[in-house]
Amino acid sequence: MDQRIELFKARLKHENQSVTAARLAVFEAMLDQEPLTMHELVQRCIAIDRASVYRTAALFEKLGIAERLNIGWKYKLELTDAFHHHHHHMTCISCSETVTITEDDDLERHLIATAANNRFQMASHQIEIKGYCENCQKS
Ligand SMILES: [Zn+2]
Ligand SMILES: [Zn+2]
């Protein structure tokens with residue numbers, strides 16, 4: 001079985017939360033996906049009622065299983081780094097398309113060095129590039 005599913009179950013148990021079929025389904029719907037809007041997430045979980053998907057998403061956020069990516073006044077959800085390779089995003093402010101930036105070791109090293117230069121030991125960071133995607137640049 002996927003190690004990330006084991007990790008997910010362990011995280012729930014650790015928080016005294018039971019592993020329900022609905023929680024597992026929502027988690028699996030997010031696995032290896034680009035950040036999803038709640039609308040998209042609900043659509044990917046057809047077997048689960050809308051209210052449960054919302055409740056489950058809120059629980060995941062509380063437990064650090066998923067996190068929000070704010071796009072203007074809206075947001076998308078994705079799994080946290082524990083379940084997902086560390087990465088960054090670029091978001092189009094016009095059409096909300098989200099593009100994942102593939103791993104960039106130079107960038108990561110530079111951030112660690114920048115923190116160290118300011119006597120900081122980096123624990124985490126979030127970087128988001130906002131702009132206009134190729135399509136929106138044309139119009
Ligand atoms: Zn766009
Ligand atoms: Zn990074």
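This one's a predicted model, so the numbers in the text were calculated from it and none came from an experiment. Just follow the structure's listing: the first ligand is 1, and inside any ligand the first atom is 1.
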Looking only at atom types and distance, does a side-chain atom of R11 sit under 3.5 Å from a main-chain N or O of L63, one as donor and one as acceptor?
yes
Short question: side chain of N118, backbone of F120 - any donor-acceptor pair under 3.5 Å?
no
Go through it in stages, so that I can follow the logic: the residues are T98 and T91, the test is side-chain contact (heavy atoms from CB on, under 4.5 Å), and I'd like the CA-CA distance, side-chain angles, deciding distance and then a yes or no.
CA-CA 5 Å; T98 309; T91 303; 4.1 Å; yes
On a heavy-atom basis, the closest approach of E78 and P35 is OE1-CG, 3.8 Å
Taking 2.8 Å as the strict upper bound, the Zn ion (ligand 1) has protein N, O or S neighbours numbering 4
Under a 4.5 Å cut-off applied to non-hydrogen side-chain atoms, are T20 and T56 in contact?
no
Less than 4.5 Å apart, side chain to side chain, heavy atoms only: is that true for K74 and T37?
no
Checking side-chain hydrogen bond (donor to acceptor under 3.5 Å, both in side chains) for the pair E67/H84: CA distance, chi angles, key distance, verdict?
CA-CA 11 Å; E67 63 189 354; H84 211 167; over 6 Å; no
Quick one: name the protein N/O/S atoms under 2.8 Å from the Zn ion (ligand 2), chain by chain.
H86 NE2, H88 NE2, E108 OE1, E108 OE2, H125 NE2
Taking the six-membered ring for Trp, are H86 and H88 closer than 6.0 Å centroid to centroid?
yes
Is the F8 ring parallel, tilted or perpendicular to the F27 ring (thresholds 30°, 60°)?
parallel
